Protein chains: 2
Amino acid sequence: MDPVVPDSLRERKKRSTRRALRLAALSLVAEHGLDGVTTDEIAAAADVSPRTFFNYFAGKEDALVGNDPEVAGQLAAELTARPADEAPLDALRAVLDAYAATVSIDETFWSLRARVLEAHPHLRAALAGSSADLDRALTEALARRMGAPPTDLYPALAVAVATSAARTALWYAGTTGFTRPFRDVVGEAFDVLAAGLPAPLALGR
Amino acid sequence: MDPVVPDSLRERKKRSTRRALRLAALSLVAEHGLDGVTTDEIAAAADVSPRTFFNYFAGKEDALVGNDPEVAGQLAAELTARPADEAPLDALRAVLDAYAATVSIDETFWSLRARVLEAHPHLRAALAGSSADLDRALTEALARRMGAPPTDLYPALAVAVATSAARTALWYAGTTGFTRPFRDVVGEAFDVLAAGLPAPLALGR
DNA sequence: CGCCGAACTTGCAGTGACTGCAAGTTCGCA
DNA sequence: TGCGAACTTGCAGTCACTGCAAGTTCGGCG
């Protein structure tokens, strides 16, 4: 079951173009602003035809802030694989922490993305939206593992809150230039969550 | 300070066209699907010129799932108006509960919207995104009232989590046909939040 | 090795979202 | 009553995005 990705030449090429498009989009937008860049230019910068851009991304925003398509399924699978007696929030924390670990590897990429998000607040909306797929997948997995109907309030709530916390942590790590390890920030966010979001003690810092 | 809205003829007209456009968009999309409806048709159904549509909404999605522009500022103001010694989460709960109360009035509208969201999962992304403005406003207000820098993790986290919970509650109330009062659902969501998202006891329901 | 089918890329042509601009029109107010 | 501001509208243009129908590249099997 390990090589879910066959990693053939084809696969490697696909990943590489996808990445090239992502980077092209991010750098161009970082330099010229969101409306100063067309999809054609992005495609050109990544050395593919304009049409191909849309074989990889649903749109400009998706290229900038979207998740890779396999992520949702992968994380959902990891969630179902967690021990059955683990508390929901702990299971979610473990899954999202694993995700955070993968993020930490590609820090240049994420810094660039943070800069772009900073400069274009409108994209934060798209970012929140791009996690909708992930939320759906995780909610379904969590409901299943809890033996609850997928329309139940709790699983949806726990997932929405957890991914929301992770996203906020990513934003925070990004704006602070990743001076603190991202995983630590995620950990802190989940600690606060599990404690019921108490007011932080250190009010004068 | 009360009449923030002068409620002149002009204002009333504006609100009415905005509402007409919203309803037109929702009903048309409910009937013909997202891609079966053009902005021109929406404008026609609301008896305004195609161009005018864009004076009210940033796009089709905004008309379907966006918040009215004044909401963010209003809720932020209410947040700053809460007693200074109130715990952050309690203050947020109060503000969002007040919002929930206003929603409950217009239940037909929100049911229609829920139906549309159900049929077009893609719009849930847009919905999450549309609250980005609200999140920013609330975060700034909360940070100020806590005397924290606006880049601090806690305020952003608390707000993201709280609005996320409220949105989930709205989704839940919508999919269950508003059989339970929306405010109650919001209340329950916040209870769960404050308790640190413990696994619900009732596992076999 | 050579070949077939599947996957991927590309160009093309078309639809519709969205924008700035420059009139017109309506409303608020003195 | 009349002036200025706000709002509406039409127009023309740019660009995002899509389906389709070739071409091209890759994976695997005989």
Side-chain angles (χ1 to χ4, degrees), chain A residues 3-22 24-26 28-29 32-66 68-70 120 122-123 125-126 129-130, chain B residues 3-22 24-26 28-29 32-66 68-70 120 122-123 125-126 129-130:
Chain A
V4 180
V5 180
D7 207 37
S8 53
L9 172 57
R10 215 160 230 172
E11 289 300 324
R12 268 177 287 131
K13 273 198 174 180
K14 248 173 49 170
R15 267 205 297 281
S16 130
T17 13
R18 171 172 273 270
R19 187 181 164 75
L21 281 169
R22 273 237 149 88
L26 283 170
L28 287 176
V29 169
H32 300 111
L34 190 50
D35 298 329
V37 175
T38 68
T39 58
D40 285 24
E41 292 169 333
I42 297 171
D47 257 311
V48 292
S49 84
R51 184 65 182 80
T52 297
F53 175 86
F54 292 101
N55 291 339
Y56 282 87
F57 299 104
K60 216 197 298 190
E61 293 186 349
D62 186 29
L64 293 168
V65 301
D68 286 334
E70 68 272 10
H120 298 279
H122 159 264
L123 284 178
S130 82
Chain B
V4 179
V5 181
D7 205 37
S8 53
L9 172 59
R10 212 160 232 170
E11 288 301 324
R12 266 177 287 133
K13 272 198 174 179
K14 247 172 52 170
R15 265 205 299 279
S16 130
T17 347
R18 171 172 273 270
R19 186 181 165 75
L21 281 169
R22 273 235 150 89
L26 283 171
L28 286 175
V29 169
H32 301 111
L34 191 52
D35 298 330
V37 175
T38 68
T39 57
D40 284 25
E41 292 168 334
I42 297 172
D47 258 311
V48 292
S49 86
R51 186 64 182 80
T52 298
F53 176 86
F54 292 101
N55 291 339
Y56 281 88
F57 299 104
K60 216 198 297 193
E61 293 187 350
D62 186 29
L64 293 168
V65 301
D68 286 334
E70 69 270 12
H120 298 280
H122 160 265
L123 284 177
S130 81

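All figures in this text were calculated on a predicted structure; none of them were measured in a lab.
A straight line from CG of B:D40 to C1' of D:dC11 spans 13 Å, rounded to a whole angstrom. Atoms CG (B:D35) and C1' (C:dT15) sit 11 Å apart, rounded to a whole Å. Taking atom CZ on A:F53 and atom P on C:dC12, their separation rounds to 20 Å, with Å as the unit. Remark: P of C:dC8 and CG of A:L21 are 15 Å apart, rounded to the nearest angstrom. In this structure, B:R12 places its CZ atom 15 Å from P of D:dC7, rounding to the nearest Å. The interatomic distance linking B:E11 (CD) with C:dT26 (P) rounds to 18 Å, in whole Å. For the pair A:K60 NZ and C:dC18 P, the interatomic distance rounds to 12 Å; values are reported in whole Å. The CD-C1' distance, from B:E61 to C:dA17, rounds to 11 Å in whole Å.
For C:dA7, the OP1/OP2 oxygens have no side-chain nitrogen or oxygen of A:K14 closer than 4.0 Å. A:T52 has a side-chain polar atom (N or O) that falls below the 4.0 Å cut-off from OP1 or OP2 of C:dT10. At the phosphate of D:dT8, OP1 or OP2 sits under 4.0 Å from a side-chain N or O atom of B:Y56. Distances shown here put every side-chain N or O of B:K13 at or beyond 4.0 Å from the OP1 or OP2 atom of C:dT26. OP1 or OP2 of C:dG28 has at least one side-chain nitrogen or oxygen of B:S8 nearer than 4.0 Å. A close approach under 4.0 Å does occur between a side-chain nitrogen or oxygen of B:T39 and OP1 or OP2 of C:dA17.
Along DNA chain C, the nucleotide nearest to A:N55 and the one nearest to B:G59 differ in position, and the one closer to the 5' end is contacted by A:N55.
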*Take B:K60 and B:L34 through the test side chain to side chain contact (heavy atoms under 4.5 Å, CB included) and record every step on the way to the result.*
CA-CA 9 Å; B:K60 216 198 297 193; B:L34 191 52; 4.2 Å; yes
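How far CG of B:D47 is from OG1 of B:T17: 10.5 Å, rounded to the nearest 0.5 Å. One finds the CG atom of A:L9 at 12.5 Å from the NZ atom of A:K14 (value rounded to the nearest 0.5 Å).
At least one side-chain heavy atom of A:E11 sits less than 4.5 Å from a side-chain heavy atom of A:S8. Side chains of A:R15 and A:D7 form a contact here, defined as non-hydrogen atoms less than 4.5 Å apart.
Taking every side-chain heavy atom of A:R10 into account, C:dA7 is the closest of D:dC7, D:dT9, C:dA7. Set against C:dC21, C:dT9, C:dC12, the side chain of A:R51 has C:dC12 as its closest nucleotide. In this structure, of D:dT9, D:dG27, C:dG11, it is D:dG27 that holds the atom nearest to the side chain of A:L9. Closest to the side chain of A:F54, from the set C:dT10, C:dA17, D:dC17, is D:dC17.
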